[in-house]
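Everything on this sheet refers to the single structure shown next.
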Amino acid sequence: MARTSAPHSASAQFFINATDNGFLNKAQAQDGWGYAVFGKVSAGTEVVDAIERVKTGRSGGHGDVPLEDVTITRATVID
């Protein structure tokens, strides 16, 4: 889950990581909290590939932010 520097501030935004970002794990996090992982793309990886190709830039003090909206219109829970 995306969050501010406050550990319990996550709400509705999340990251889709296309590479291993170990620094986001609690054990390696500089703030001692890390980020919650709550899902895995098990099918439709071409969608992740398309998201990766979206141009990014700076926005609101953040870098590497999509310059056009990325909207997920459907997700499925798989048991």
Side-chain angles (χ1 to χ4, degrees):
M1 292 296 299
R3 60 174 173 78
T4 67
S5 59
H8 302 294
S9 63
S11 60
Q13 294 180 326
F14 57 91
F15 298 99
I16 296 177
N17 287 285
T19 59
D20 182 11
N21 291 298
F23 67 93
L24 298 174
N25 296 333
K26 182 177 181 178
Q28 298 172 2
Q30 290 182 343
D31 65 2
W33 286 93
Y35 291 81
V37 175
F38 61 88
K40 177 181 179 180
V41 177
S42 59
T45 54
E46 66 277 1
V47 175
V48 175
D49 295 339
I51 292 170
E52 274 189 289
R53 290 190 296 272
V54 173
K55 291 185 181 191
T56 62
R58 295 199 59 80
S59 178
H62 300 284
D64 205 22
V65 176
L67 297 178
E68 58 185 78
D69 289 343
V70 174
T71 304
I72 297 173
T73 57
R74 183 178 59 156
T76 305
V77 176
I78 300 174
D79 291 326

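In this chain, numbering begins with 1 at the start of the sequence shown.
Nearest heavy-atom pair, A18 versus V48, reported as atom, atom and distance to 0.1 Å: CB-CG1, 4.3 Å. Nearest heavy-atom pair across G34 and A29 is N-CB, 3.4 Å. Nearest heavy atoms, M1 versus Q13: CE-O, 3.4 Å. Minimum interatomic distance between F15 and A2 (heavy atoms only, all atoms of both residues): CE1-CA, 3.6 Å.
Q30 CD: 12 or fewer foreign heavy atoms inside a 6.0 Å radius.
Looking only at side-chain heavy atoms (C-beta outward), R3 and Y35 come within less than 4.5 Å of each other. Using a 4.5 Å heavy-atom threshold, the side chains of I16 and V70 count as separate. In this structure the side chain of T19 reaches within 4.5 angstrom of the side chain of N21, judged on heavy atoms.
Take T71 and apply the side chain to side chain donor-acceptor pair (under 3.5 Å) test, not counting sequence neighbours, and it matches no residue. For V47, the side chain to side chain contact (heavy atoms under 4.5 Å, CB included) partners are I51, not counting sequence neighbours. Residues forming a ring pair (Phe, Tyr, Trp, His ring centres under 6.0 Å) with F14 (at least two apart in sequence, or on another chain): F38. For D20, there are no side chain to side chain donor-acceptor pair (under 3.5 Å) partners, not counting sequence neighbours.
Here the side chain of D31 pairs a donor or acceptor atom with the backbone of W33 at under 3.5 angstrom.
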**OP:** Dump the intermediate steps for side chain to side chain contact (heavy atoms under 4.5 Å, CB included) on V37 and L24, then the final yes or no.
**Re:** CA-CA 10 Å; V37 175; L24 298 174; over 6 Å; no
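Note on residues 56-67: pairs passing side-chain hydrogen bond (donor to acceptor under 3.5 Å, both in side chains), not counting sequence neighbours, are T56-D64. Applying the salt bridge (charged side-chain N to carboxylate O under 4.0 Å, His left out) definition to pairs two or more places apart or across chains, none involves residues 36-49.
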